[in-house]
S.K.: 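One structure, as structure tokens, below. Some questions next.
Just so it is clear, the structure is predicted and the values come from calculations on it, not from any experiment. In what follows, residues are counted from 1 in the order of the sequence shown.
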Amino acid sequence: DTVSYWIQSSPAAWVACFKTITALVLLHVLAQTWFALPCFWGDAAPTRWQTTRRVYLVQIGVTCFAGTSSLHVQVRGLAGIQGIVPFPRYAAEKIRRFSPATKLLHWQTVKEDPVAWASRCLNVLEARVWARGCNVDPSCPQDWWHMPGSGLTDSKLSGWCLLGEACCMLLVAAAIAEGVFWQYVGSDRGSQVAGLVLEVLLGAIRVSALLGATVAYRALRGCTGVFTGLQWDSLLLEANVLALPLALPLLPNCWLPALLLPQQVCAFKCMFGSGVVKRRSRCPRWARSTAMDLHYETQPLPHAVSWYMHRLPHWVHAQECWIAFLIQLPVTFLQWGTWHCRCVAFVAYAALMLAISSTGSYGFFNVQVLGLAASILDDAMLPTFGLPAPPGDAQPLWCALSLLPAVLAFGLWAASACGLSMLQLPRLADSFAPPPDTLARRAFDQASAAHEVLYKLGVGHSYGPFAAMTAFRWELIFDFSLDGTEWMQLEFPYKPGGIDKRPVWMPLGHFARLDWRLWFVPLAMSRGRTELPEWLENFVIRLLEASPAVVALTANGASLVGAPPKYVRLSLWDYHLSSCDTAVHDCPQVSFSTEERSEAHSRLRGGCCQAPSRDSTGASSVEWGRWWYRRLVRRIGVYFLKDGQLQFYPEGSKHGIR
């Protein structure tokens, strides 16, 4: 307990920890660069990283394609003209702030701050795409995007998605082709020259495709607002930016350890940050090893496997807590060791990501982290799939060696900008600063400056999901009615709703944005927030209008298109998996008592599916079914449209509505 308290509370412990990390990273990159150099005094082959680079680029393309294509099928409902958060306001603001007529090649700006210039170029290019085909001129009013014929249509959203998908596929194809075409390159000088020309062409395609995919996802993230504000959306853009140097052509093998270092730091801070926030949050459920007793029930989108995992005894869940801490804290340091240690770290990362994805729905997050972790493996530890490596470095050895110090400096600069955000997790940036007028202080100041510069491009975010385990599951339930008497519950594809509905597994790579975002609303209500978010009120309005794009995001809302509902009723329910059997372990839930849970299970075993208790309106306040049982927390009220404006009855029964 004394050691645990020191680790959690002592600034000296975290300062020592980050000093150790810094030393390990420096030794790692220097050692791997040394072993990647040609051996001048023996027959030992250098450690190669070319296959790792290609595999990593393929992973970047696959992950970005999954995120973009998943957003494509939802984007009209989320941000279309008739969507929840219409995009024209964002697009008009982007056009206003970054005029499409702005000259990009301003050499004075490039010379003074090239990163700020690159960030501005991205914004101007995005504004040009939004403005293309729009009726924009200085005489337009400020709210010109409201006017008919403005040119901002849903086709622009689809265009961004198609651009991102095409660029992702092109990136994957170009990365794979680099390993294929060398099979057909002969040993004569003419064939080698043709191979080098083709490699330069493929490199230009890779860089252009990666830039296009990044700009497209960046634009989609901006216009969809709250629905793409999650940590792994930031991680996707950060990984794309850090991968740009790896897409360049003709990279010597000895440069790759330095260029892969930012990706390795990114993988480390994702895993290590997840462990740090759990320790620093002082969450009693993590401290007492009861967090996993709750996780399978209270996670955002559980599925059927979660139901079965939840019924395991407490001692199993306690071991799961310890395994998570083991992988996310001490095992992460192994990725900076020898190849044996890196193999152990990668297997541990893969096992954890597989366990998370098989017991919950997290979209492309698990594939994304596992792809980042692949950057710690060299070519000897990866399958080649029969693809030959290039027959040696294309650049002369003297050129590669003369530029190696600059490449090392760049890799350390980018890695420091990426990794400095870990200091934000334990909130020790001030206490970690070394004494002034020392070499360590100058290095720290350089890292801080690098972080400030690259943050403009999306590099340097901190990651730490599930810092405090939620101890309850409240669900916002939507009912719609044509007359205020007969109500039907609105179901979502993956969000829990019907108590007899089996929790659905969300396909790997897909991300149901609306279902996921609705999980956060009851959490805010539990902290005292009484007003609904603006986007949720917009969602209710679109339901009352029966917007086809919005109802398509639901599971049973198709019938609303032909007959729009007159009322939408919102209520808050406390949900529990029916596998929470008190005979196995006493889940520390907050609403149901042990006696009520025991009664629920006895009724389930007896075949009864509804409790007799009722609320003030005569509706059932406690219900249980095959997969869930729930208790009514409160009726929020009934919403309807009057003269095009959203109206609200906090207590529907007082207005003739049941």
Side-chain angles (χ1 to χ4, degrees), residues 61 64-65 67-106 109-110 116-171 174 204-228 233 236-237 240-241 244 456-458 513 547-549:
C64 194
F65 179 83
T68 307
S69 59
S70 172
L71 199 55
H72 193 175
V73 298
Q74 310 171 68
V75 70
R76 291 186 179 234
L78 298 177
I81 299 294
Q82 296 298 318
I84 301 173
V85 285
F87 78 93
R89 181 188 296 273
Y90 166 83
E93 179 64 16
K94 182 70 72 171
I95 295 172
R96 185 190 67 82
R97 291 183 58 197
F98 303 97
S99 173
T102 302
K103 184 179 179 181
L104 295 181
L105 291 178
H106 193 279
T109 306
V110 176
W117 169 79
S119 177
R120 184 170 182 82
C121 285
L122 292 177
N123 287 311
V124 172
L125 289 174
E126 181 184 342
R128 287 179 178 179
V129 176
W130 287 122
R132 186 178 179 83
C134 295
N135 299 320
V136 186
D137 57 69
S139 63
C140 286
Q142 188 171 4
D143 58 347
W144 61 270
W145 50 275
H146 276 305
M147 302 171 60
S150 64
L152 290 174
T153 62
D154 288 351
S155 60
K156 287 192 173 293
L157 293 177
S158 299
W160 278 117
C161 294
L162 292 172
L163 173 64
E165 291 163 353
C167 288
C168 291
M169 291 188 291
L170 190 61
L171 173 63
I205 293 174
R206 289 194 300 268
V207 172
S208 302
L210 187 53
L211 280 173
T214 304
V215 171
Y217 198 85
R218 191 170 181 264
L220 290 170
R221 190 188 182 198
C223 66
T224 49
V226 66
F227 296 105
T228 50
D233 293 301
L236 189 148
L237 290 175
N240 281 15
V241 173
L244 280 171
K456 302 171 186 176
L457 297 178
R513 301 285 178 169
S547 170

S.K.: If every non-hydrogen atom of C168 is compared with every non-hydrogen atom of A213, which pair is closest and at what distance?
M.R.: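 That would be SG-CB, 3.8 Å.
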S.K.: Would you indicate whether the side-chain heavy atoms of W160 and C223 approach each other to under 4.5 Å?
M.R.: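 Answer no - side chains too far apart.
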S.K.: Tell me if a side-chain donor or acceptor on S547 pairs with a main-chain N or O of Q82 at a distance below 3.5 Å.
M.R.: yes
S.K.: How close do S99 and V124 get, counting heavy atoms only, and between which atoms?
M.R.: O-CG1, 4.0 Å
S.K.: With respect to L220, which candidate in T228, L78, D233, T68 satisfies the side chain to side chain contact (heavy atoms under 4.5 Å, CB included) definition?
M.R.: T68
S.K.: Please tell me if the side chains of N123 and R218 come closer than 4.5 Å, counting only heavy atoms from C-beta onward.
M.R.: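 When only atoms from C-beta onward are counted, R218 and N123 do touch, with a gap below 4.5 Å.
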S.K.: Return yes if some donor-acceptor pair links the side-chain N/O of K456 with the main-chain N/O of W117 below 3.5 Å, else return no.
M.R.: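 A pair under 3.5 Å: no.
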S.K.: Tell me the closest heavy-atom pair linking A209 and L171, and the distance in Å.
M.R.: CB-N, 3.8 Å
S.K.: What is the distance from atom CZ of R206 to atom CG of L170, rounded to the nearest 0.5 Å?
M.R.: 10.5 Å
S.K.: Which heavy atom of E165 sits nearest to which heavy atom of S69, and what is that distance?
M.R.: OE2-CA, 3.2 Å
S.K.: Do L457 and S119 have side chains that approach each other closer than 4.5 Å (heavy atoms only, starting at C-beta)?
M.R.: yes
S.K.: Quick check: do L157 and C161 have side-chain heavy atoms less than 4.5 Å from each other?
M.R.: no
S.K.: Taking the side chain as C-beta and beyond, is there a heavy-atom pair between F227 and V85 under 4.5 Å?
M.R.: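 A side-chain contact exists here, since the closest heavy-atom pair is under 4.5 Å.
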S.K.: Would you mind reporting whether L236 and N240 have side-chain heavy atoms less than 4.5 Å apart?
M.R.: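 Touching, per the 4.5 Å side-chain cut-off.
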S.K.: Please determine, by modelled atom types, if R513 and S70 share a side-chain donor-acceptor pair under 3.5 angstrom.
M.R.: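 Looking only at side-chain atoms, S70 and R513 do not form any donor-acceptor pair under 3.5 Å.
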S.K.: Rounded to the nearest 0.5 Å, what separates atom CZ in R221 from atom OG1 in T214?
M.R.: 12.5 Å
S.K.: Are any of the side-chain heavy atoms of F87 and D154 separated by less than 4.5 Å?
M.R.: yes
S.K.: If you round to the nearest 0.5 Å, how far is CZ of R120 from CZ of R97?
M.R.: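 If I round to the nearest 0.5 Å, the distance is 9.5 Å.
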S.K.: Does K156 use its side chain to pair, donor to acceptor, with the backbone of V129 at less than 3.5 Å?
M.R.: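 At least one qualifying donor-acceptor pair exists.
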